Protein chains: 2
Amino acid sequence: MRIGEIARRAGVSTRALRYYEEQGLLASERTPSGQRSYPASAVERVRLIQQFFTAGLPSRTILQVLPCVDSGQASPEVFELLAAERDRITATMSDLAAARDALDHLIAIANDPTPEHCPALREPPWAPYDAVLDSR
Amino acid sequence: MRIGEIARRAGVSTRALRYYEEQGLLASERTPSGQRSYPASAVERVRLIQQFFTAGLPSRTILQVLPCVDSGQASPEVFELLAAERDRITATMSDLAAARDALDHLIAIANDPTPEHCPALREPPWAPYDAVLDSR
DNA sequence: CTAAAACCTCACGTTGACGTCAAGGTCAAG
DNA sequence: CTTGACCTTGACGTCAACGTGAGGTTTTAG
C-alpha cells in the first residue's frame, strides 16, 4: 500500500506519516521509482503510534518504546521509562478529573442560582474583566 | 504582595504571572513606582488558572470561564463552552486510560517473557529499528 | 496519449505558554 | 549611599507535531 491509503485508513495525514518516518517511528520500503510502500499492518502500527502521541509521549520516548512492542522485551532503562510514563499518565488523569470537577461545579452553580456558593472567591476587586469584556 | 512572592506561593514563574495578566486572566494593582501588587487571594486564583491550563483549556477559553467563576452565572454560550470542555476532558481521560492500558500491557509482557503475547504484531518486517538503535 | 491524481523532497510557517536575555528602575539593609 | 535582591518593559527564542506551499516526478484512469 502507498502512503495515501495508509493515511486514510489510519486517519492521519501523509505529512504525519513522513514525519513519523523521519523520527524513526515508521519504516517503509521504496518502489524502484522512490515511492513509499507499506504492508497492511502499518495501519495498526500508525494507530498505536497515534495512541502514544495522544497520551502525551514525545516522539523520542515512543522511539524507545516501539522496539519493546516488537520484541516483547524491555531493557531496565526502558522498563523505568514505561513505569514513569504510566505514572505520569495516571497523574495527568487525576489532574483532568479535578479540572472536570471544577467545571461541573461551575455548571451546577450556573444552573441553579442560589447565592451561597463559594463566597470567598467573590470578595476582592478582580477588576479588569469588565474592560476585557467591553472590548469585544 | 509583590509578584515574586505570589509566584513562589503558587509554584509558577513571574513570567507566567505577567503572561496571565497580558492575557487578561489575572488583575494587579500598581504601587506608585509601577510595581505589581496582589491580594493574598491571588495565590488561589493562580492555582485555579493553572488547573485549567493543565486540563488543556487555552487561555482564551479560560478568559471566558473565569468571570463565570466570579459571578456564578453563565451566559448560554459560556454554558455551552463549559459543557463542551467537560466532554473533551472526559474523552481525553479515556484516551489516556487506553494508552495507560497499552503501557501496562507492555510492562506485563516485559516482566514475564512467555512467547505467546500479541503474535500478530511481530510478523512483518519492521526493519530499521536496528539501524536506529545502532546509531546511538 | 494525456490529464488528473498521487507521490517525491526541500524548506519555511504555525501555535501556545511560557524561557531568557537586555537594559535598566526600586527598595530594605548596613 | 552603595550593594544586592527584586521589580519593570520589550522583544526574541523554544519546542513539538505537524501544515503548507513550491517545484518536480510517477501512477492511474479514460
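From a predicted model like this one, the values you see are computed outputs, not experimental measurements. Below, chain A is the first sequence line, B the second, and so on; all start at residue 1.
Atom CG in B:Leu103 sits 10.0 Å away from atom CG in A:Asp87 (nearest 0.5 Å). A distance of 10.5 Å separates CZ in B:Phe52 from OG1 in B:Thr61, rounded to the nearest 0.5 Å.
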Every protein N/O lying under 3.5 Å from an N/O of nucleotides 26-28 of chain D:
| unit_1 | atom_1 | unit_2 | atom_2 | d |
| --- | --- | --- | --- | --- |
| D:dT26 | O3' | A:Ser33 | OG | 3.1 |
| D:dT27 | OP1 | A:Ser33 | OG | 2.9 |

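Here A:Arg30 lies in heavy-atom contact (under 4.0 Å) with sugar-phosphate atoms only.
Sequence neighbours left out, not one pair with a member in residues 59-89 of chain A passes ring-ring contact (aromatic ring centres under 6.0 Å, His included). Each salt bridge (Lys or Arg N to Asp or Glu O under 4.0 Å) pair with one or both residues in residues 30-39 of chain A, not counting sequence neighbours, appears once here: A:Glu21-A:Arg30, A:Glu21-A:Arg36.
Every residue two or more places apart in sequence or in another chain that forms a side-chain contact (heavy atoms from CB on, under 4.5 Å) with A:Gln35 is listed here: A:Arg2, A:Thr31, A:Ser33. Applying the side-chain hydrogen bond (donor to acceptor under 3.5 Å, both in side chains) criterion to A:Arg47, with sequence neighbours excluded, gives A:Glu44. By the salt bridge (Lys or Arg N to Asp or Glu O under 4.0 Å) test, B:Arg100 is found to be paired with no residue, residues two or more places apart in sequence or in another chain being considered. By the side-chain hydrogen bond (donor to acceptor under 3.5 Å, both in side chains) test, A:Gln50 is found to be paired with A:Tyr20, residues two or more places apart in sequence or in another chain being considered. Scored by the side-chain contact (heavy atoms from CB on, under 4.5 Å) test, A:Ser75 finds A:Glu77, A:Val78 as partners (sequence neighbours excluded). Under the side-chain hydrogen bond (donor to acceptor under 3.5 Å, both in side chains) criterion, A:Glu85 pairs with A:Arg88, sequence neighbours left out.
Taking atom CD1 of B:Ile3 as the reference point, atom P of C:dC27 lies 15 Å away to the nearest angstrom. What separates CD1 of B:Ile6 from P of D:dC6 is a distance of 15 Å, to the nearest Å. Distance A:Arg8 CZ to C:dA5 C1': 11 Å, rounded to the nearest Å.
Each end of the helix from C:dC1-D:dG30 to C:dG30-D:dC1 gets its own rotation axis from five pairs of C1' atoms, and the angle between them is 10° to the nearest 10 degrees.
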Cut-off 3.5 Å, no hydrogens considered: what does the side-chain donor-acceptor table look like for residues 5-13 of chain A, sequence neighbours left out?
| unit_1 | atom_1 | unit_2 | atom_2 | d |
| --- | --- | --- | --- | --- |
| A:Glu5 | OE2 | A:Arg9 | NE | 3.2 |
| A:Glu5 | OE2 | A:Arg9 | NH2 | 2.5 |
| A:Ser13 | OG | A:Ala16 | N | 3.0 |

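Side-chain N/O atoms of A:Arg18 include one lying less than 4.0 angstrom from OP1 or OP2 on C:dC8.
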### Protein-to-nucleotide contact annotation, 5' to 3' order, nucleotides 15-21 of chain C [B base; S sugar-phosphate only; - none; under 4.0 Å, heavy atom]
-SBBBB-
